[in-house]
Each structure stands twice: as structure tokens, then as C-alpha cells.
Amino acid sequence: MEVLVFSIFNGLLYGMLLFMLASGLTLIFSLMGVLNFAHASFFMLGAYFAYQISGFIGFWPGLVFAPLIVGVIGAAVERYGLRPVHKFGHVAELLFTFGLAFVIEEVVQMIWGKVPVPYDIPETMNVAAFTWRGLDYSAYRLFMLGASVAIFLALFVFIAKTRTGLIIQAALTHPNIVSSLGHDVGKIFMWTFGFGCALAGVAGVIGGNVLGTEPSMAITLGPIVFVVIVIGGLGSLWGALIAALFIGIMDNLSISYDLSLYPVLALFGVEREVEGIMQDLVNLTTAGLAPVLPYLFLVLMLILRPRGLFGTRDV
Amino acid sequence: MAGLVRRHGMWVAAFAVMLVLPWIFQTGFAITMLNQIGVLIVFSLAYNMLLGQGGMLSFGHALYFGIAGYFTAHFLNGVGEDWLPYFPVTLLPIFGGLIGLFFGIGIGFVSTRRAGTVFAMISLGFAEMATALTLILVVFFNGEEGIQTDRMVGPEPLGITFGPDIHVYYLISFWCLVATAAMYVLTRTPFGRMSNAVRDNPERVEFVGYSTHRIRWLAFALSSFFAGLAGALHALNFEHVGFETIGLEQSGLALFMVWIGGARNFVGPILGAILITYLNSNLSDITDAWYLYLGILFMVIVMFTQGGLSGLVFMHEPIWKTDYRLFGRMMAPYALGIGSTIIAAIGVIGMFEMIYFLSTRVTEETIAVLYWMEVDAASALPWIACAAITAPGVAACRRTYPPMANSYNEAIAAVKGRMAP
Amino acid sequence: MKTPAVELRGVWKNFGNTEIIRGIDLAIEKDTIHAMIGPNGAGKSTIYNLITGRYHVDRGQILLNGEEITNQTPHEINRKGISRSFQVTNIFHRMSVFENIRCGMLWHRNYKYSFWNFLGRQGELNRRTEEIMVRTGLASRRDVLAGMLSYSDQRALEIAITLASGADVIMLDEPTSGMSHGETEQTVELIRKVARDKTLVIVEHDMGVVFDLAHTISVLVYGEIIACDVPQRIRGDRAVQEAYLGTEVA
Ligand SMILES: Nc1ncnc2c1ncn2[C@@H]1O[C@H](COP(=O)(O)OP(=O)(O)OP(=O)(O)O)[C@@H](O)[C@H]1O
Ligand SMILES: [Mg+2]
């Protein structure tokens with residue numbers, strides 16, 4: 001029972017982090033048609049900046065400044081990098097962000113090295129918030145959950161209540177419409193991009209110390225975020241939320257329970273002791289399969305419902 | 001014979017070059033590199049069947065390359081351990097191709113319903129799934145170690161043992177030539193043309209009677225065949241297949257080769273494969289920052305040209321076809337532009353090298369070797385020197401690029417002027 | 001009565017909450033030229049898109065030679081013998097004029113997805129492509145990339161691709177828009193020649209062209225056909241004059 005509760009809790013946490021990335025990505029995608037391959041790289045930059053800043057002046061200033069810096073970098077990338085590429089079409093934009101992700105990873109390695117940096121949970125929160133049936137739950141995790149929920153609520157209020165939010169809503173349901181609204185499209189694009197990157201940066205700041213801050217963190221998380229927005233349905237924030245939580249929880253459950261898949265095979269009359277390739281199947285466990293799960297869901301979704309959970313358009 | 005040379009001059013020349021190359025570059029290092037180039041030419045051409053010909057940007061095409069490599073390695077091992085019947089090693093690339101085709105048909109069906117960014121995302125999903133599986137299905141993939149194999153199995157007709165690398169060189173270059181020719185011919189068939197049409201305007205394709213999905217699917221499957229063929233060659237070349245051959249890194253390499261070489265014409269990927277493999281084998285030992293430079297080069301090319309390096313060359317085709325003397329006036333502006341670029345690059349690279357040196361060193365040593373000179377990276381002097389090279393270099397670029405573009409435009413205008421009666 | 005080449009039965013189409021096509025019944029006889037006219041936004045192009053499968057039909061049926069084709073995919077409908085052009089030029093920009101036209105022909109000359117026929121060797125195919133290129137006045141532009149053509153040449157290419165299939169039913173959407181007077185005349189002649197043994201549907205704003213070419217005319221206003229008849233009677237129809245033609249013909 002406690003395993004179930006805790007893994008759902010951790011799953012929610014991971015899911016909220018995924019959502020913070022996915023929401024920015026899907027916003028940018030609906031508004032500008034740009035699939036930002038480097039999105040998770042901004043997440044990584046957030047973590048590294050937070051590490052650097054917290055070394056100097058502490059975690060809290062890092063929580064504020066790191067995302068700001070990431071956001072500004074994002075806006076600059078849009079203004080001086082993406083915009084000139086825009087005329088070549090969406091595939092060229094995607095290529096650009098792919099190159100950018102590659103370069104950011106190299107630059108991070110250049111500055112901070114190839115091994116993980118010791119970006120730690122702030123001392124004050126490295127304590128148990130509560131203990132339940134003999135299991136501690138860390139205060140920092142609670143804070144993460146609180147922070148991500150707060151950001152999530154702020155995002156929804158922003159989109160539901162503000163003018164810019166309305167434009168974004170319009171863009172979500174009718175991509176490419178914004179250019180015909182007569183607003184200063186360039187500025188909106190730039191700030192949306194920056195804003196999305198800053199969101200990813202926040203996720204980096206609060207997630208980097210738990211997930212580990214290293215040069216490969218972008219490329220491990222990035223593809224999963226893509227899966228989230230496809231499963232959720234392109235352009236649907238609700239979809240992204242549900243898909244992110246679903247993937248987060250599935251991931252945690254399959255790891256905590258670590259069930260063997262052999263009983264399923266046994267139904268087909270497979271022997272426990274087999275030779276060769278079949279061994280791989282007999283030895284499968286849910287924990288082993290965890291990294292594959294998001295992609296399995298992706299494939300299933302594509303076959304069964306190409307538009308995703310809440311999508312209005314086919315992917 | 002004369003007719004053959006006239007009609008297929010390029011191919012005859014390529015064949016001749018292939019035969020003599022190992023006589024010119026005899027070192028083991030060179031042969032190894034040539035082998036790798038041969039494999040990657042096939043792979044990047046296969047990749048370009050999707051990207052350049054069919055308009056599909058894939059982040060997962062190495063899947064077919066890698067999978068075929070694994071199957072080939074297992075096959076060889078099976079033959080070596082006598083639980084599989086003998087099959088000529090020379091023909092194994094076909095086997096690899098069929099493996100690629102098999103997976104390409106299956107995965108292609110679900111992923112080619114849409115093109116563009118969505119296709120790209122899906123391809124990445126499959127690539128990541130396969131990468132994760134390499135660590136789960138340990139018997140087949142053997143985790144991070146990969147599968148070792150031995151290509152010297154079975155009879156040795158004509159003394160071809162495939163022991164020495166030079167034997168493998170001829171094997172690879174033979175298949176490289178065959179595959180290149182086959183892929184070239186494919187561009188000249190109804191399928192090839194419709195594949196271009198789908199790239200340009202999928203909507204209209206439906207209104208001339210073709211199913212865009214079918215065309216993409218076919219392109220995907222055929223391209224996977226050639227990727228698989230390249231994967232088999234890779235396995236034969238290294239006698240080892242690792243999990244990195246399946247993942248994003250390998251697909252990204254193909255993407256870089258194709259886009260830098262140029263996706264818009266047939267030779268672009270070949271050029272890219274040669275250039276990048278060459279630089280990779282020669283520079284990765286010299287500088288840690290080589291991948292950074294590669295990434296920057298890629299981004300610059302994405303930002304400023306759609307045709308890659310070969311596109312820049314072919315841009316000048318109308319000029320040399322009309323009158324090569326028109327190049328005369330372009331010499332000076334081009335030399336100035338290229339010169340300033342080199343100067344700026346020298347300065348920037350110097351700084352990158354010093355940052356890398358400082359951040360990756362394990363000792364307290366601060367003396368770095370930069371441009372064959374010993375400099376103290378912790379002192380201000382080399383930084384000032386680099387800045388003093390970069391700043392005027394960049395300024396010069398800004399001054400010299402417009403005249404360069406102008407001289408090109410003038411030459412093209414002159415060409416047009418001569419064509420109009 | 002003969003089966004019509006194309007028949008619409010009670011066809012409806014909404015975009016969101018707006019009814020754009022409101023119960024169209026229309027029968028177009030085989031081997032005739034039918035013109036569809038109507039003010040901007042009446043729904044002419046939408047009807048084309050419904051017939052050729054580009055849009056989904058909400059209600060009603062569409063038949064081709066008596067066979068139902070409602071909501072089939074565009075390529076299926078095209079294969080059954082409807083070839084159309086687009087009001088907004090819809091060509092293959094990075095391919096040459098010659099290649100563009102050949103693409104229009106491949107399926108219908110039974111090449112399908114063949115990846116073993118060398119295109120350069122298909123004498124008959126290439127000859128016919130050249131022929132269409134000459135007939136549409138594009139011969140001098142043979143190897144120019146379609147994206148580089150002038151606007152009116154692109155319009156001509158649009159028609160050329162449509163004709164290349166040799167389909168029995170040809171549907172042209174404002175074929176002469178953007179063409180000069182001389183080019184329009186040439187195009188009209190071409191259309192007349194092509195239409196000799198085919199069914200041709202044309203949307204056109206140039207009334208001269210319409211009354212010159214058409215055997216029957218339907219007038220579309222706000223998604224409804226208010227009149228469908230031979231040109232002489234359309235000219236005299238009061239409702240039509242009020243709704244659309246106004247001063248132009250009177
Ligand atoms: N995909 C669409 N989504 C929403 N509305 C559409 C769509 N296509 C057409 N419409 C609307 O349907 C109406 C009819 O458009 P249509 O293009 O068929 O007119 P038309 O008769 O061809 O006019 P024109 O002479 O200007 O070409 C217009 O009001 C248009 O705005
Ligand atoms: Mg219209």
C-alpha cells in the first residue's frame with residue numbers, strides 16, 4: 001500500500017516536471033509551428049545555471065534568476081537564430097533546433113565537464129517532511145510538487161484571463177492564425193519562445209538536483225517530452241497534463257513493483273528455462289521495460305488514435 | 001567501350017578511383033578511414049532518399065542501420081559456430097538490406113502517415129524505443145558491449161579471406177558503388193519522381209492519383225533497405241556492432257553529413273560523408289571541441305543555405321556552363337570573403353580551444369598548445385591575441401560578404417543576359 | 001435519361017456552424033462543358049473540393065458515372081477519372097515544368113509505384129508530356145523549375161498537370177485568372193479542343209469565356225444553385241440577373 005502511494009506521489013512529481021516542459025513545447029509548437037528539439041536543452045541550462053548560482057548566492061535566487069536567464073537566451077535564439085530560418089519552413093527550423101541542442105550539449109561539456117556536477121538539494125529542505133508507515137518523504141519533493149502545481153495554476157490563469165493568453169488560446173485551436181490577427185507577430189513569437197524556454201528552465205532548476213545535472217540530461221528527457229505532447233494531442237494543454245502525469249506514474253509504478261512478465265509468457269506455454277534469444281523475453285520485468293513504456297504508448301496511440309488524447313487535429 | 005565511357009563516364013571514373021585509392025593511401029589508418037567512408041556514403045545516401053528526395057526528416061534512421069548490423073553479426077557468429085548454414089560473406093550486405101527492409105516496412109507503415117515535424121517526432125520515438133531495448137534484450141544486443149563477431153568464416157574462394165582490411169575495402173567499395181548506382185537509378189523512376197513530388201507538394205500528389213502515404217512508405221522501406229545494407233557493411237568492417245549504431249547519435253551523424261554535404265542533389269551526401277568522416281578521423285584526436293565545431297558548422301549551414309556545401313558549388317553551375325571567364329571578376333571578392341572568414345574562425349577557435357583546455361584539464365597545468373604554440377591559457381595575453389584576431393575578422397566578414405554576393409549576382413545576371421536572345 | 005458524368009444529390013457542407021453548401025442537386029451530362037458561376041464566396045471552389053474528395057461531405061451523395069464516390073480519398077477519386085485544377089496554384093515548385101507535367105500523367109499511364117522503369121526510356125510517356133507542354137504553351141520553359149515561372153506560366157502549368165492525366169472529367173477552377181488577354185484566348189481554345197470528347201466543368205469569372213464555352217451553366221449563390229440551364233436562358237433569367245450578373249450581361 002505505501003509503495004503504491006509513494007510511487008503515485010513520485011509519479012505525479014515526475015509528471016509535473018514533464019508537463020512543465022511539455023506545456024512550453026506545445027505552446028511554441030501551436031503558435032509558431034516550430035518543434036523545438038532543443039527544448040530539453042533549455043531545461044538542462046536551467047539546472048546548470050541554478051547549480052552555478054546556488055553555489056554563489058544560494059538556491060532561492062537561483063530559482064528566480066536561472067529561469068530568467070534561460071528565458072532571455074531562448075528569446076535571443078528565436079530572434080537571431082530561428083527567425084532567419086523561418087522562411088525555409090518548419091523542417092529547417094527543426095533542423096536548426098536540432099543543431100542547437102547538439103551545440104548546447106557540447107558547450108555545457110566545455111564549461112562544466114562531462115561528468116555530473118554536484119547540484120544538491122538545498123540543505124534546509126533535505127529533511128523528511130513527514131514519515132508514513134516508516135517511509136520518509138523528503139521536504140524538497142513536497143516543495144517540488146507544490147511549486148509545479150503553483151506554476152501550472154498560474155499558467156492556466158494566465159492563458160484564461162490575459163490578452164496574450166487569448167491569443168495563445170486562439171493559436172492552440174487554430175495554428176497559424178495569429179499571423180492574420182494583425183498583432184506584432186514577431187514579438188509574440190519571441191516572447192512565447194522565451195517564456196516556454198523559461199518554463200523548461202524552472203523545471204531544470206527544481207528537477208536538476210533530483211534527476212541529476214549532467215550533459216546527457218537533455219537528450220534523455222527530450223524525447224519523452226515529445227511523446228507527451230503527441231500522446232496528449234498536439235496543441236492541447238490538458239492533454240499534455242494528463243499524458244505527462246500518466247507517463248510519470250506508469251514509470252514509477254513499473255519501477256517500484258518490478259513485476260516479471262514471465263507469467264504472461266507462461267500462458268503461451270513458454271518454459272522458464274530457455275536458451276538463446278527467448279531468454280530476453282523470459283527475463284523481462286516491468287522495471288526493465290520502464291524506459292520503453294513511453295514509446296510503446298506513443299506507437300499504440302499512433303495506431304489507435306493518431307490525434308492523441310485531446311487533439312483536435314491528426315498528428 | 002568508348003560508348004560505355006561516354007554514357008556512364010562518372011560511374012567508370014568512380015570505379016577506377018575505387019580501384020586505385022588503396023594504392024595511393026596505403027597506411028592502415030587510411031584504409032580504415034576509406035572503409036568507414038564507404039559505409040557512411042551508403043548510409044547517408046539512404047538517409048537522403050528520405051530527407052532530400054522524399055522530404056522526410058528522420059531522427060531514427062540509424063535503427064535500420066544498427067538492427068541490420070546486429071543481425072549480420074549474429075548471422076556471422078551463427079555460421080562460425082555452425083548452427084547456421086554457410087552463406088557467402090560477400091553477399092551478406094543483401095541480407096542486411098533485407099533485415100532493414102523488413103523493419104522499414106513495419107515501422108514505416110505507422111510512421112509515414114504524416115510528414116514534416118510530426119514524422120520527425122515519431123521517428124525519434126522509435127529510435128529511443130530501440131535504444132532502450134538494446135539495454136533490455138541483453139542476449140540479442142548484449143547491452144553496452146555490443147556484439148563481437150568474426151568475418152573470416154567459411155570457404156575462401158580465390159584466397160579472399162576477408163582477414164586483411166584491404167579485402168574488406170574491396171568488398172565495401174564494391175557494394176558502395178552498386179548501392180550508389182541503384183539509389184541513383186531509383187531517382188529516375190516513377191517512384192523516385194513521385195517521391196520528389198510528395199516532398200514538394202503532398203496535397204497535389206493526391207490529385208494526380210497517388211497516395212502520399214504509399215509513396216512515403218515505399219520510400220521509407222527502400223531507404224531502410226539501403227540503410228540495412230550499410231549496417232551489414234559496418235558490421236563486417238568493424239567485426240563489432242554496438243548499441244550506439246542504433247541510436248540518435250548515428251542518425252544525427254547521417255543528418256549532419258547529408259545536410260552539410262547538401263540534401264538537394266545526389267552527390268551532396270557523398271561529399272558530406274567523405275568530408276565529415278575525414279575530419280572526424282583527423283580532428284577528433286587533435287581537439288576535444290571538434291563536435292562543437294561540427295554542430296556550429298551545421299547550424300550555420302541551416303541558417304544560410306538550403307543546399308549545403310554542394311549546393312554552394314552547384315549555385316555556380318550556370319556560370320561555368322556559360323562562360324568560365326565570368327569567374328574572373330568574382331575571384332577578388334570571393335578571396336576576400338573567404339579570407340576574412342578564415343581569420344575570424346582562427347580567433348574564435350583559439351578561444352574555444354582555451355576554454356576547453358581549462359575546463360577539461362585534470363592537473364593544474366595552464367600551458368596549452370594552441371596553433372602549434374605553447375601559450376599560458378590562464379594569462380590574459382592569448383585571450384587578447386585571439387580577440388584581436390576575431391574582432392577585425394568579424395568586421396572584415398561584414399564588409400566583404402556583400403561584395404561577394406554582389407559579384408555572384410552580377411555574374412548570374414550576365415549569364416541570364418546571354419541566354420536571352 | 002443517360003447517366004450523368006457527375007451528379008450531386010442533396011449535398012451539404014458546414015464549416016463550424018456556417019452552412020457553406022446548402023443542399024446542392026446537380027447533374028452534369030457526359031461530354032458537355034458545364035460552367036459554374038456565382039459571386040465570390042458562393043461556394044464554387046468548395047463544391048470542387050467536395051467532389052474531388054478534398055473536403056468531407058456532411059450530407060448527401062456524389063456520383064461519378066452513376067457510381068458513388070462520396071467521401072473517398074482524393075487519389076481514389078482521381079483514379080476513377082476526375083482531374084482538377086486549383087484556383088490557388090498548386091504545383092511542384094522544385095521540379096521542372098516537364099517533370100511537373102509528367103507527374104500528372106504517371107498514374108494514368110499505369111506506372112503506379114514502379115521503381116524499376118527508367119523514366120528516360122519511356123518514349124511514349126515523354127512524347128505525350130512534350131505534347132501537352134507544347135499545347136499549353138510551355139515548351140520554351142521545359143527545364144525551368146516551376147517555382148521560377150511567371151504567374152501566368154504557373155497558371156498554364158496548373159492546367160497542364162490537370163490535363164496530363166487524360167481523365168474523362170476535367171474540372172478547372174478559374175483557369176484563366178491572372179492571364180493576359182492573349183493567353184486567355186489561347187487557353188480557351190485549348191480547353192475547347194481538349195473538351196471535345198470529355199466532360200468539362202469550369203468555374204470562371206470572365207463571362208465572355210463562360211458564355212463562349214459552356215453548354216450548360218449553373219449559378220451558385222450562398223451555397224445554393226439558383227439556376228441551372230443553357231446559356232441563353234441563364235442570360236434571360238431574372239433571378240440570376242438580380243443575384244449575380246447585374247449589369248455585366250444586361
Ligand atoms: N476550409 C475552410 N474553412 C472554413 N471556411 C471555408 C473553408 N473553405 C471555404 N470556406 C468558406 O466557404 C465559403 C465559400 O468559399 P469558396 O472558396 O468555395 O468560394 P468561391 O465560390 O470559390 O469564391 P471565389 O470566387 O472567391 O473563389 C467562403 O465564405 C469561405 O470563407
Ligand atoms: Mg473559388
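Order of the sequence lines sets the chain letters (A, B, ...), proteins ahead of strands, with each chain counted from 1. Heavy-atom basis, side chains included; hydrogens, waters and symmetry copies ignored.
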**Prompt:** Any idea which heavy atoms bring A/Ala243 and A/Ile231 closest together, and the distance?
**Reply:** CB-CG2, 3.9 Å
**Asked** How about B/Tyr64 and B/Phe220: are their ring centres within less than 6.0 Å of each other?
**Response** yes
**Asked** Who wins among B/Thr131, B/Val110, B/Leu135, B/Ile355 for the most heavy-atom pairs under 4.5 Å with chain A?
**Response** B/Ile355
**Region of B/Tyr356 in contact with chain A, defined by heavy-atom distances below 4.5 Å** = both
**Prompt:** Do B/His213 and B/Thr112 have side-chain N/O donor and acceptor atoms under 3.5 Å apart?
**Reply:** yes
**Heavy-atom proximity to chain B below 4.5 Å, by part of A/Leu298** = side chain
**Request:** Side chain from CB out, backbone as N, CA, C, O: work out which of these in B/Phe256 comes under 4.5 Å of a heavy atom of chain A, or both, or neither.
**Result:** side chain
**Prompt:** Side chain, backbone, both or neither: which part of B/Leu358 has a heavy atom under 4.5 Å from chain A?
**Reply:** neither
**Asked** For B/Gln306, is it the side chain, the backbone, both, or neither that has a heavy atom closer than 4.5 Å to a heavy atom of chain A?
**Response** side chain
**Item:** Portion of B/Phe352 that has a non-hydrogen atom of chain A nearer than 4.5 angstrom
**Value:** both
**Request:** Indicate yes or no for a side-chain donor-acceptor contact from A/Thr97 to the backbone of A/Asn36 under 3.5 Å, with no hydrogens or angles considered.
**Result:** no
**Asked** Which heavy-atom pair separates B/Ala127 from B/Gly60 by the least distance, and what is that distance?
**Response** CB-CA, 3.6 Å
**Request:** Flag the one option from A/Gly222, A/Gly288, A/Pro291, A/Pro223 with the top tally of heavy-atom pairs under 4.5 Å to chain B.
**Result:** A/Pro223
**Asked** Between B/Leu248, B/Leu51, B/Val139, which has the largest tally of heavy atom pairs under 4.5 Å with chain A?
**Response** B/Val139
**Request:** Would you mind checking which part of B/Leu255 comes under 4.5 Å of any heavy atom in chain A, side chain (CB onward), backbone (N, CA, C, O), both or neither?
**Result:** side chain
**Request:** Measure the acute angle between the ring planes of A/Phe297 and A/Phe246, then classify it against the limits of 30° and 60° as parallel, tilted or perpendicular.
**Result:** tilted
**Prompt:** Tell me, side chain or backbone of A/Tyr80 under 4.5 Å from chain B's heavy atoms, or both, or neither?
**Reply:** backbone
**Request:** Measure from the ring center of B/Tyr70 to the ring center of B/Phe141 and say whether it is less than 6.0 Å.
**Result:** yes
**Message:** Using only atom types and a distance under 3.5 Å, with no angle test, would you say the side chain of B/Arg199 pairs donor to acceptor with the backbone of B/Gly52?
**Reply:** yes
**Request:** Let me know if A/Leu296 has heavy atoms under 4.5 Å from chain B in its side chain, its backbone, both or neither.
**Result:** both
**Prompt:** Non-hydrogen atoms of chain A under 4.5 Å away: do they reach the side chain of B/Leu57, the backbone, both or neither?
**Reply:** side chain
**Message:** Need one label for A/Leu100: side chain, backbone, both or neither, based on atoms under 4.5 Å from any heavy atom in chain B.
**Reply:** both
**Asked** Has the side chain of A/His39 got a donor or acceptor atom that lies under 3.5 Å from a matching backbone atom of A/Ala200?
**Response** no
**Prompt:** Okay, side chain of B/Thr212, backbone of B/Val198: is any donor-acceptor separation there less than 3.5 Å?
**Reply:** no
**Item:** Heavy-atom pairs under 4.5 Å with chain B, option from A/Trp112, A/Phe96, A/Phe226, A/Phe88 with the top count
**Value:** A/Phe88
**Request:** Heavy-atom distances under 4.5 Å only: say whether A/Val85 touches chain B with side chain, backbone, both or neither.
**Result:** side chain
**Item:** Spacing of A/Leu302 atom CG and B/Arg113 atom CZ [to the nearest 0.5 Å]
**Value:** 8.0 Å
**Message:** Under 4.5 Å from any heavy atom of chain B, what part of A/Leu289 do you find: side chain, backbone, both or neither?
**Reply:** both
